[in-house]
Colleague: 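Below you will find the structure I want to go over with you.
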2 protein chains.
Amino acid sequence: MRLPNGLQATENCQTCDLHSEDFFCRLSPEASQALESIKLTNIYPKGAVLFFEEQSPRGVFMLCRGRVKLSVCSADGKMLILRIAEPGELLGLSAVVSDRLYKATAETLETCQVNFIRKEDFLSFLREHGEACFRVAQHLSQNYHTAYVQIRSLGLSHSALEKLARLLLDWCRGNGTQTEQGIRLKLGLTHEEIAKMIGTSRETVSRLFSELKGREAIHLKGSTLIIRDTAALEAITN
Amino acid sequence: MRLPNGLQATENCQTCDLHSEDFFCRLSPEASQALESIKLTNIYPKGAVLFFEEQSPRGVFMLCRGRVKLSVCSADGKMLILRIAEPGELLGLSAVVSDRLYKATAETLETCQVNFIRKEDFLSFLREHGEACFRVAQHLSQNYHTAYVQIRSLGLSHSALEKLARLLLDWCRGNGTQTEQGIRLKLGLTHEEIAKMIGTSRETVSRLFSELKGREAIHLKGSTLIIRDTAALEAITN
DNA sequence: AGTCGAACGTGACCCGTGTCATGGCATCAG
DNA sequence: CTGATGCCATGACACGGGTCACGTTCGACT
């Protein structure tokens with residue numbers, strides 16, 4: 001199960017499947033309680049925007065249920081998706097901590113449960129709870145790491161095929177389920193969105209999927225994708 | 001002046017020109033003293049490697065004097081420069097905080113003075129000093145921000161020219177000095193290294209500089225570059 | 001069933017740039 | 001002076017992939 005209920009999150013993190021970097025987990029009872037008292041729980045429908053790029057930060061958003069798309073946009077309308085945030089993540093964290101503008105736009109991909117904490121409340125919470133502060137640092141480290149992975153993908157790839165292969169292998173680790181035919185995973189994104197994740201065009205993504213199908217490396221049926229030949233993908237990424 | 005002496009760094013930060021995100025500044029006397037007692041000062045010659053990509057972290061490096069190149073390398077030898085670290089930065093921070101491997105290689109570009117702090121010492125220092133912990137979070141935020149800028153540059157640019165223009169404008173903000181002919185800045189990197197910063201080839205960088213000279217946007221004499229037409233560069237970046 | 005819009009597939013064309021190759025121009029050691 | 005080395009400049013060429021165009025498939029709704 002995903003995080004079952006925001007209000008109980010701090011008590012039952014042993015039983016939920018959130019990653020260990022989840023901010024809720026393993027806080028002391030006092031810190032947990034302080035956090036409880038300053039957070040505001042909201043439900044957002046699909047397509048809602050939590051915050052916009054270049055907006056001045058109002059606070060941080062703890063994602064409890066649902067996925068959120070984080071993207072940036074250039075002046076001429078070209079868009080790049082930074083990542084898809086999963087439950088357990090703290091969005092807008094670096095903007096609040098370093099008192100800068102939000103650097104990305106956060107849009108829900110499905111119905112989401114979100115706990116909002118006002119900037120001032122969050123900062124004074126951090127000032128009083130050193131342990132939480134350390135967890136924030138770890139969370140930021142994690143963000144930095146995913147940014148680094150994307151930089152590698154964008155900057156070191158020789159072709160769009162290589163970037164796509166990297167992305168698919170990444171998804172395997174996160175959401176893949178092993179079957180006898182290969183690793184199966186549900187891709188909840190359109191070709192258009194995949195294109196925006198690897199900085200290429202929709203048409204190219206279509207063509208690359210065709211190519212990988214031709215090479216028998218993958219198999220597509222509807223929105224379920226089966227990776228038949230992991231080694232082939234790894235060979236592409238060198 | 002740059003950070004004049006590692007041992008006095010915490011006392012005279014008011015007078016040094018390090019950025020406000022500098023980790024040394026504005027710690028309480030107790031925290032400063034604790035930091036003093038666990039740091040080890042070293043001098044490295046040009047070309048020395050502080051740590052390698054994929055190495056397990058030994059500690060963090062406070063850069064006091066000199067510049068350090070942070071780069072990543074793909075399996076087939078292609079290299080990408082993440083950024084050039086300036087005095088005041090804490091290198092290897094995210095690896096130590098989140099207990100992962102170093103994600104980049106750090107190589108000195110010139111003679112550098114560096115304070116090293118062992119991982120265990122640094123973590124227990126953070127545990128005992130909440131204020132330092134918050135500064136670490138801010139520092140990581142800053143790192144995340146520069147990573148984000150690079151992602152924008154790599155992912156949203158339509159051409160190598162656009163990426164180069166972005167890089168030059170970036171340098172203007174950091175190291176540029178206004179003159180009557182335009183903004184002058186010393187480029188301490190070879191074309192090869194510039195190419196590795198924007199993910200292109202050395203030849204392309206040469207060609208692009210020629211093109212910008214032809215457009216009268218810049219002027220090159222030796223290693224000093226004069227930006228004659230900032231607006232032209234901004235137009236390129238949209 | 002039919003209709004409509006969103007998402008996907010694929011061909012044609014052409015610009016940008018990676019790669020290879022060659023040569024100029026510094027600095028430095030012998 | 002001469003050769004070596006590192007850095008920069010520039011031409012030729014091939015190819016990846018962005019863009020435009022059009023057709024197909026799929027699911028949602030009436």
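Scope of the values below: all heavy atoms of this structure, side chains included, with no hydrogens, waters or symmetry mates. Lettering follows sequence order; numbering is per chain, from 1. Keep in mind that this is a model prediction, so the values were computed, not measured.
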Colleague: Taking atom CZ of A/Arg184 as the centre, report whether more than 12 heavy atoms of other residues, nucleotides or ligands fall under 6.0 Å from it.
Modeller: no
Colleague: Starting at atom CG of B/Leu164, determine the distance to atom P of C/dG18, rounded to an integer number of angstrom.
Modeller: 12 Å
Colleague: Taking atom P of D/dA9 as reference, at what distance in whole Å does atom CZ of B/Phe209 sit?
Modeller: 9 Å
Colleague: If you only use heavy atoms from C-beta on, which nucleotide in C/dC8, D/dC8, D/dG17 is closest to the side chain of A/Arg202?
Modeller: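 Output: C/dC8.
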Colleague: Using whole Å, report how far CG of A/Leu187 lies from P of C/dA7.
Modeller: 14 Å
Colleague: Between B/Ser94 and B/Lys103, does any side-chain donor sit less than 3.5 Å from a side-chain acceptor?
Modeller: yes
Colleague: Taking CG from A/Leu189 and C1' from C/dA6, how many angstroms apart are they, rounded to a whole number?
Modeller: 15 Å
Colleague: Tell me whether the OP1 or OP2 atom of D/dA9 has a side-chain N or O from B/His191 closer than 4.0 Å.
Modeller: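 Yes, such a contact exists.
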Colleague: Could you check whether B/Ser201 gets within reach of a base, just the sugar-phosphate, or nothing at all, counting any heavy atom under 4.0 Å?
Modeller: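 Counting heavy atoms under 4.0 Å across all strands, the contact made by B/Ser201 includes a base.
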Colleague: In terms of relative ring orientation, are B/Phe61 and B/Tyr102 parallel, tilted or perpendicular, with 30° and 60° separating the classes?
Modeller: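 Answer is tilted, since the angle falls between 30° and 60°.
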Colleague: Under 3.5 Å, is there a donor on one side chain and an acceptor on the other for A/Asp76 and B/His158?
Modeller: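 The answer is yes; a qualifying pair exists.
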Colleague: When you compare the side chains of A/Arg100 and B/Gln142, does any donor N or O come within less than 3.5 Å of an acceptor on the partner?
Modeller: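 The answer is yes; a qualifying pair exists.
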Colleague: Should the pair B/Arg215-B/Glu211 be classified as a salt bridge under the 4.0 Å nitrogen-to-oxygen rule?
Modeller: yes
Colleague: Check the distance between D/dA9's C1' and B/Lys213's NZ and give it to me in whole angstrom.
Modeller: 9 Å
Colleague: So, is A/Thr204 near the phosphate of D/dG16, with a side-chain N or O under 4.0 Å from OP1 or OP2?
Modeller: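 So the side-chain polar atoms of A/Thr204 never come under 4.0 Å of the phosphate oxygens OP1 or OP2 of D/dG16.
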Colleague: Specify the separation, in whole Å, of atom NZ of B/Lys221 and atom C1' of C/dA26.
Modeller: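 In whole Å, C/dA26 C1' lies 16 Å from B/Lys221 NZ.
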Colleague: Which whole-number value in Å describes the distance from A/Arg207 CZ to D/dT19 P?
Modeller: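 A/Arg207 atom CZ is separated from D/dT19 atom P by 12 Å.
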Colleague: In residues 70-85 of chain B, which ones come under 4.0 Å of DNA chain D, going by heavy atoms?
Modeller: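 Heavy-atom contacts with DNA chain D come from no residue of residues 70-85 of chain B; none.
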Colleague: Is the shortest side-chain N to carboxylate O distance from B/Arg166 to B/Glu162 below 4.0 Å?
Modeller: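 Result for this pair is yes, salt bridge flagged.
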Colleague: Taking the minimum atom-to-atom distance to the side chain of A/Thr190, which one of C/dA7, D/dC8, C/dG11 wins?
Modeller: C/dA7
Colleague: What is the distance from NZ of A/Lys46 to P of C/dA6, rounded to the nearest Å?
Modeller: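 Going from NZ in A/Lys46 over to P in C/dA6 covers 12 Å.
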Colleague: Using a heavy-atom cut-off of 4.0 Å across all strands, would you classify A/Ser206 as base, sugar-phosphate, or nothing?
Modeller: base
